[in-house]
Novice: 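Just passing along the structure, written as structure tokens.
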Amino acid sequence: MSQYTLKKEFTNTAIWENARISNDFIFGKVMQDAVLCKELLQIILPDLTIDHIEYPELQKEVKPDADAKSIRLDVYVQDGKGTVYSIEMQIANTNELPKRTRYYQSIIDLQLLDKGKHYKKLKQSYIIFICPFDLFGKGRHIYTFENTCKEDKDISLGDGTTKIFLNASGTLNDASQELIEFLNYIAGGKPAGKFTLKLESAVQKAKRNRKWRHEYMTLYMRDLENIETGMEKALILMVVRKIRKGKDIDTISYELDEDKNKIAIIYYTALDFAPGYDIDQIYNALETVL
């Protein structure tokens with residue numbers, strides 16, 4: 001077995017073993033527990049009464065037609081009243097989340113309304129993004145958006161749509177203790193409180209699930225195969241420069257707005273060529289690895 005194959009297997013194992021609740025795959029699996037998912041929704045939306053939740057599909061993939069961009073929802077559930085909830089874990093700030101919620105809403109609505117049905121049949125919906133960063137820079141833990149009249153804020157459009165952005169780096173005293181504990185846990189802190197302790201237990205249980213591990217690795221390898229043939233030397237150079245500054249995989253992935261798995265492969269391969277970090281040699285080695 002070559003050193004590159006060994007490195008690849010090591011990288012796969014390390015990524016899985018180090019996965020936390022902020023990993024969208026782990027989050028999606030943990031949220032298959034209806035009790036935990038309902039409890040999270042109640043923490044985020046304390047004014048709602050959710051009697052139970054149902055799973056129309058797990059990690060629902062939605063594609064309206066052959067030419068349209070498809071979306072894969074981490075968690076897609078509905079309650080006993082038919083209200084729909086989409087919960088997404090979003091680690092990197094891609095600077096397009098508001099537009100993405102617009103697209104998500106349009107696609108979800110297409111799925112909810114059958115041909116010939118009246119618009120009033122559209123269900124109440126909540127699109128929730130859980131982020132470690134402050135998308136709006138105001139220090140809030142939670143930003144909730146509903147459509148209101150620009151000239152009179154007391155007039156609500158009443159279209160039944162709500163978009164929520166949770167910020168794990170919030171600084172204001174604007175949320176419940178349970179929500180703040182959850183967001184601190186998302187940000188990498190230790191579980192504190194009953195709910196986050198239950199989540200951590202569920203994460204560890206998920207990581208012991210051999211079927212899920214195989215599924216994750218299969219998806220991971222598929223992602224690698226989809227990486228463009230011949231990785232851009234410019235990206236490799238940027239990663240190397242950040243390695244020289246002592247930055248880790250998470251930081252590099254976030255700063256470059258690149259997939260963490262892709263950055264991990266470049267990172268571990270580049271380390272083999274320290275301290276010179278010859279870009280051409282790293283590039284050639286990556287061709288072998290991938």
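If you're wondering where the values come from, they're calculated on a predicted model, not measured in any experiment.
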Novice: Applying side chain to side chain donor-acceptor pair (under 3.5 Å), name anything that partners Asp248, two or more places apart in sequence or on another chain.
Specialist: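 Listed in chain order: Thr251.
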Novice: Show, in sequence, the C-alpha distance, side-chain angles and deciding distance for Phe145 and Thr101, and conclude whether the side-chain contact (heavy atoms from CB on, under 4.5 Å) test is met.
Specialist: CA-CA 11 Å; Phe145 294 88; Thr101 63; over 6 Å; no
Novice: At what distance, to the nearest 0.5 angstrom, does CG of Leu48 lie from CD of Gln124?
Specialist: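 Answer rounded to 0.5 Å: 8.0 Å.
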Novice: With no hydrogens and no angle check, just 3.5 Å: does a side-chain donor-acceptor pair link Gln32 and Tyr55?
Specialist: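 Judged by distance alone, the side chains do not pair up.
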Novice: For Asp174, what residues pass the side-chain contact (heavy atoms from CB on, under 4.5 Å) criterion, not counting sequence neighbours?
Specialist: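 side-chain contact (heavy atoms from CB on, under 4.5 Å) check on Asp174 returns Arg140, His141, Ile142, Leu172.
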Novice: According to side-chain contact (heavy atoms from CB on, under 4.5 Å), who are the partners of Ile155, at least two apart in sequence or on a separate chain?
Specialist: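 Scan of Ile155 (side-chain contact (heavy atoms from CB on, under 4.5 Å), adjacent residues dropped) gives Cys149, Asp152.
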Novice: Sub-3.5 Å donor-acceptor pair from the side chain of Glu181 to the main-chain atoms of Pro191, do we have one?
Specialist: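 Pair absent, no side-chain N/O of Glu181 close to backbone of Pro191.
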Novice: Suppose we screen for salt bridge (charged side-chain N to carboxylate O under 4.0 Å, His left out). Which residues come up paired with Lys260, at least two apart in sequence or across chains?
Specialist: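 Expected list: Asp250.
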Novice: Taking salt bridge (charged side-chain N to carboxylate O under 4.0 Å, His left out) as the test, write out the residues that go with Arg100, two or more places apart.
Specialist: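 Once residues adjacent in sequence are excluded, the partners of Arg100 under the salt bridge (charged side-chain N to carboxylate O under 4.0 Å, His left out) criterion are Glu96.
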Novice: Answer yes or no: does atom CZ of Arg241 have more than 12 heavy-atom neighbours from other residues, nucleotides or ligands under 6.0 Å?
Specialist: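 No, not enclosed.
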Novice: What's the spacing between Phe27 CZ and Ile186 CD1 if we round to 0.5 Å?
Specialist: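 The CZ atom of Phe27 sits 6.5 Å away from the CD1 atom of Ile186.
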Novice: Can you list the residues that meet the side-chain contact (heavy atoms from CB on, under 4.5 Å) rule with Asp257, with sequence neighbours excluded?
Specialist: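 side-chain contact (heavy atoms from CB on, under 4.5 Å) list for Asp257, sorted by chain: Ala92, Thr94.
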Novice: Backbone N or O of Ser156 within a donor-acceptor pair of the Glu146 side chain at under 3.5 Å?
Specialist: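 No; zero donor-acceptor contacts below 3.5 Å.
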Novice: Enumerate, atom names and distances included, each donor-acceptor pair closer than 3.5 Å involving a side-chain atom of residues 125-136, sequence neighbours excluded.
Specialist:
residue	atom	partner	partner atom	Å
Ser125	OG	Gln105	OE1	3.3
Ser125	OG	Gln105	NE2	3.0
Asp134	OD1	Phe136	N	3.2
Asp134	OD1	Gly137	N	2.8
Asp134	OD1	Tyr143	OH	2.8
Asp134	OD2	Lys138	N	3.2
Asp134	OD2	Gly139	N	2.7
Asp134	OD2	Tyr143	OH	3.3
Asp134	OD2	Asn167	ND2	3.4

Novice: Report the residues that fulfil side chain to side chain donor-acceptor pair (under 3.5 Å) with Thr171, sequence neighbours left out, ordered by chain and then residue number.
Specialist: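 With sequence neighbours excluded, Thr171 shows a side chain to side chain donor-acceptor pair (under 3.5 Å) to no residue whatsoever.
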Novice: So, Thr269 side chain and Ile266 main chain: donor-acceptor pair closer than 3.5 Å or not?
Specialist: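 Answer holds: no.
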Novice: With a 3.5 Å distance limit and no angle check, can you tell me whether Thr196 reaches the backbone of Ala192 through a side-chain donor-acceptor pair?
Specialist: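 Yes: the side chain of Thr196 pairs with the backbone of Ala192.
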Novice: Can you tell me how far CZ of Phe273 sits from CD1 of Ile279, rounded to the nearest 0.5 angstrom?
Specialist: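 Nearest 0.5 Å value for the CD1-CZ distance: 10.5 Å.
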Novice: State which residues pass side-chain contact (heavy atoms from CB on, under 4.5 Å) with Arg208; sequence neighbours excluded, sorted by chain then number.
Specialist: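 Only Gln204, Lys205 meet the side-chain contact (heavy atoms from CB on, under 4.5 Å) criterion with Arg208.
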Novice: State which residues pass side chain to side chain donor-acceptor pair (under 3.5 Å) with Arg244; sequence neighbours excluded, sorted by chain then number.
Specialist: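 For Arg244 there are no side chain to side chain donor-acceptor pair (under 3.5 Å) partners, ignoring immediate neighbours.
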Novice: Which residue pairs pass the salt bridge (Lys or Arg N to Asp or Glu O under 4.0 Å) test when at least one of the two sits in residues 30-42, sequence neighbours left out?
Specialist: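 Residue pairs with at least one partner in residues 30-42: Glu39-Lys198.
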Novice: Identify the two heavy atoms, one from Asp159 and one from Asn147, that lie closest to each other, and give their separation to 0.1 Å.
Specialist: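 Where Asp159 meets Asn147 most closely, the heavy atoms are OD2-ND2, 2.6 Å.
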Novice: Between the side chain of Lys153 and the main-chain N/O of Thr148, is any donor-acceptor distance below 3.5 Å?
Specialist: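 No, the answer is negative, given that no donor and acceptor are paired below the 3.5 Å cut-off.
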Novice: Hey, is the main chain of Leu112 close enough, under 3.5 Å, to the side chain of Lys123 for a donor-acceptor pair?
Specialist: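 Such a contact is absent between Lys123 side chain and Leu112 backbone.
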Novice: Is the backbone N or O of Ile249 less than 3.5 Å from a side-chain atom of Ser253, with the two atoms forming a donor-acceptor pair by type?
Specialist: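 Not a single qualifying donor-acceptor pair exists.
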Novice: Side-chain donor-acceptor pair under 3.5 Å between Glu88 and Ser86, yes or no?
Specialist: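 Yes, because at least one side-chain N or O of Glu88 sits under 3.5 Å from a partner of the opposite role on Ser86.
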Novice: Name all residues meeting the side chain to side chain donor-acceptor pair (under 3.5 Å) criterion together with Lys242; count only those two or more places apart in sequence or in a different chain, and write none if there are none.
Specialist: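 With sequence neighbours excluded, Lys242 shows a side chain to side chain donor-acceptor pair (under 3.5 Å) to Glu255, given in chain and number order.
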